[in-house]
**Q** 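Following this message is one structure expressed as structure tokens.
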2 protein chains.
Amino acid sequence: MPAPPRIPSSPGNKKPRLNRDLVLSTALKLVDSIGLDSLSMRRLGQELNCDPMALYRYAANRAELLDGVTELVLNELAIDPDASDWQRQLRATAHDVRQLALRHPNAVPLLVTRPLSTPLGLRPLGMLRPLELIVALLIRAGFAPADALHAYRTYYGFLYGHILNELQELVVNPEEEDPVLRLGLYRLPSKDFPHLRSLAPVLAEYDGAAELDEGLDILLTGLAQKLGGGPGPQLAGPTSR
Amino acid sequence: MPAPPRIPSSPGNKKPRLNRDLVLSTALKLVDSIGLDSLSMRRLGQELNCDPMALYRYAANRAELLDGVTELVLNELAIDPDASDWQRQLRATAHDVRQLALRHPNAVPLLVTRPLSTPLGLRPLGMLRPLELIVALLIRAGFAPADALHAYRTYYGFLYGHILNELQELVVNPEEEDPVLRLGLYRLPSKDFPHLRSLAPVLAEYDGAAELDEGLDILLTGLAQKLGGGPGPQLAGPTSR
DNA sequence: ACCTGAACACCGTTCAAGT
DNA sequence: ACCTGAACACCGTTCAAGT
């Protein structure tokens, strides 16, 4: 049964009709500007000036809305599973994820937290795509499927660990000269925190990109070695199962 | 000026007076049972049967309450900075953190998320204690302070990455036989997710403790090598700065 | 001085009433 | 059939009124 002809959204329409992408990208913009906790259905409705109830056309509830925002953020990643050089691709993706996290720090809790709320298979597809694509990349590079999954986990764990590390040490008063003041370390009783206090200058010099690259060097070397057939210390060989 | 003599909480008191520990541990119990989102000041007040406003004696607001719960969870860790074998201590702590996460999965978002909201120096001391103690351990083991911090970051990143990995793959229907069904993978269009679907049996067999140990083997070997003076591929030597 | 609870300004979501 | 908005059952937190 053919649907009755729909009036296309002609330029003369007063309201640029809502759609999922607009809703989600506006939500992301709000998360970036006012934070996750302040993103409410009502606030979002106000931003899109529409009835808050209208949003429920595009997400069944707030949790699904947040899942949608997570998907939207992850879609900013471009992963080519057919890349000729898999190490180059993984390295580039790692830096992309890092940039993403720095661009959307308020959304990072979504990235690390949303997957904990839903079993793998029930997650929105956009949240699973990076996993599928990287596993595909690794298999194409020669890993046995089970080893590709193993390698993905190592990579993902390292990457998200790094991001948590880096964002944790972000500084609030970048204009302050003294690193102790800049990090608020003066508040720590030096009796209980002698090392932490004296590490202030080192803490203040954190270079996220460099740290990420150092880790990637080790990680990718290790993975390449497994692929080449060099047996790791006590890891199963690359053709397990 | 001596305080007026206080009536000690005699056993005859009808109400076992509130205190911070009771408030926080009850909050943790609630998080474990009903989840983070359902933990409200009012619900907590009801659980302790007291006026919700009374809780504000022990935490300035909900965010501080959550920080307190985070501290409480982290206090379950026993880290001995004077341990004779630093590798053994780090390994044990890693497993302790893993067990902690499995014991309190609903609190894991707090562990990874709370530190992102407050600059290092302004965080509650209980959240910084593991950092201080592990850095102390590493310095005692012979690391230069800056390298100890570096090593801590690697360790912390790996550990939290692993936990996110493992909790992400937790299964909801453990009684289901077929791994595809158990993980809900039937929902994925096999056109877009060929690898993920075929990996179902491998996904279903995730062994967190083993995976953690494999990673620790590599990590600790790498750290020990840096300590011993063997120069890593392109890492700064152990006596940087 | 401390504690209590009413009141305020919000929430997410349901559902009946409109078109 | 779709959209709208009133209403419900909650929130965190302020603050005036009690003791």
Side-chain angles (χ1 to χ4, degrees), chain A residues 1-9 13-20 22-24 26-28 30-31 33-70 106 109-110 113-114 117-118, chain B residues 1-9 13-20 22-24 26-28 30-31 33-70 106 109-110 113-114 117-118:
Chain A
M1 193 197 306
R6 277 250 164 202
I7 297 146
S9 63
N13 277 357
K14 54 180 76 169
K15 267 195 186 178
R17 216 61 222 106
L18 281 187
N19 61 58
R20 188 155 204 269
L22 180 62
V23 169
L24 294 181
T26 307
L28 176 57
L30 274 179
V31 168
S33 56
I34 63 177
L36 211 47
D37 292 339
S38 305
L39 174 72
S40 65
M41 303 302 269
R42 289 161 127 107
R43 184 78 175 73
L44 180 54
Q46 166 185 326
E47 195 76 12
L48 289 160
N49 43 0
C50 70
D51 188 300
M53 279 306 105
L55 302 172
Y56 285 80
R57 292 245 100 217
Y58 307 101
N61 48 44
R62 194 179 120 98
E64 261 196 24
L65 182 85
L66 294 180
D67 275 341
V69 174
T70 309
N106 291 343
L110 289 179
T113 270
R114 285 277 97 209
S117 323
T118 325
Chain B
M1 195 198 305
R6 278 251 163 200
I7 297 146
S9 63
N13 277 356
K14 56 180 76 167
K15 267 195 186 179
R17 217 59 224 106
L18 282 186
N19 60 58
R20 188 155 204 269
L22 180 63
V23 168
L24 294 181
T26 307
L28 176 57
L30 274 178
V31 168
S33 57
I34 62 177
L36 211 48
D37 292 340
S38 305
L39 174 72
S40 65
M41 303 302 271
R42 289 161 127 108
R43 183 79 176 69
L44 180 54
Q46 166 185 326
E47 196 75 12
L48 288 161
N49 43 359
C50 70
D51 189 300
M53 279 307 104
L55 302 172
Y56 285 80
R57 291 245 101 217
Y58 308 99
N61 48 44
R62 193 179 121 97
E64 262 196 24
L65 181 85
L66 295 179
D67 275 340
V69 174
T70 310
N106 291 343
L110 288 179
T113 270
R114 286 276 97 209
S117 324
T118 324

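The sequence lines fix the lettering, A, B, ..., with proteins before strands; numbering per chain opens at 1. Note: hydrogens, waters and symmetry copies are ignored here, and every other heavy atom, side chains too, is used.
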**Q** Whole Å only: how far is the CG atom of L44(A) from the P atom of dC10(C)?
**A** 17 Å
**Q** Does N19(B) offer a backbone N or O that forms a donor-acceptor pair with the side chain of R57(B) under 3.5 Å?
**A**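 No, because the side chain of R57(B) does not come within donor-acceptor range (under 3.5 Å) of the backbone of N19(B).
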**Q** Does P109(A) reach the side chain of L36(A), with side-chain heavy atoms less than 4.5 Å apart?
**A** yes
**Q** Would you say R42(A) places a side-chain N or O within less than 4.0 Å of OP1 or OP2 belonging to dG12(C)?
**A** no
**Q** Step by step, work out the side-chain contact (heavy atoms from CB on, under 4.5 Å) result for T113(A) and T70(A).
**A** CA-CA 10 Å; T113(A) 270; T70(A) 309; over 6 Å; no
**Q** If only side-chain N and O atoms of R62(B) are considered, is one of them under 4.0 Å from the OP1 or OP2 phosphate oxygen of dT13(D)?
**A**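 No.
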**Q** DNA chain D: stems of at least 3 consecutive Watson-Crick or G-U pairs, cut-off 3.5 Å?
**A**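 Counting only runs of 3 or more consecutive pairs, the stems involving DNA chain D are C:4-8 with D:12-16, C:12-16 with D:4-8.
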**Q** Could you state the CG-P distance from D51(B) to dC2(C), rounded to the nearest angstrom?
**A** 17 Å
**Q** Whole angstrom is fine here: how far is it from CG in N49(B) over to P in dT4(C)?
**A** 12 Å
**Q** Choose from dG12(C), dC3(D), dG12(D) the nucleotide whose nearest atom is closest to any side-chain atom of M41(A).
**A**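 Shortest atom-to-atom distance from the side chain points to dG12(C).
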**Q** Could you tell me the separation between the CE atom of M53(A) and the P atom of dG18(C), rounded to a whole number of Å?
**A** 19 Å
**Q** Please determine, for the side chain of S40(A), which listed nucleotide (dC11(C), dT4(D), dG5(C)) has the closest atom?
**A**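 That would be dC11(C).
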**Q** In whole Å, I'd like the distance from the CG atom of D37(A) to the P atom of dC11(D).
**A**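 Atom CG in D37(A) sits about 16 Å away from atom P in dC11(D).
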**Q** Which whole-number value in Å describes the distance from L55(A) CG to dC3(D) P?
**A**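 Atom-to-atom, L55(A) to dC3(D), this comes out as 13 Å.
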**Q** Counting heavy atoms from C-beta on, name the nucleotide in dG5(C), dT13(D), dG5(D) closest to the side chain of Y56(B).
**A** dT13(D)
**Q** Give a yes or no on whether the backbone of Y58(A) and the side-chain of R20(A) come within a donor-acceptor separation of less than 3.5 Å.
**A** yes
**Q** Does V23(B) reach the side chain of L48(B), with side-chain heavy atoms less than 4.5 Å apart?
**A** yes
**Q** In this structure, how many angstroms lie between the C1' atom of dC2(C) and the OH atom of Y58(B), rounded?
**A** 12 Å
**Q** Which whole-number value in Å describes the distance from N61(A) CG to dA9(D) P?
**A** 20 Å
**Q** Tell me if a side-chain donor or acceptor on N106(A) pairs with a main-chain N or O of V31(A) at a distance below 3.5 Å.
**A**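 Looks like yes, one N/O pair under 3.5 Å.
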**Q** Should the heavy atoms of other residues, nucleotides or ligands under 6.0 Å from CG of D37(A) be counted, would the total exceed 12?
**A** no
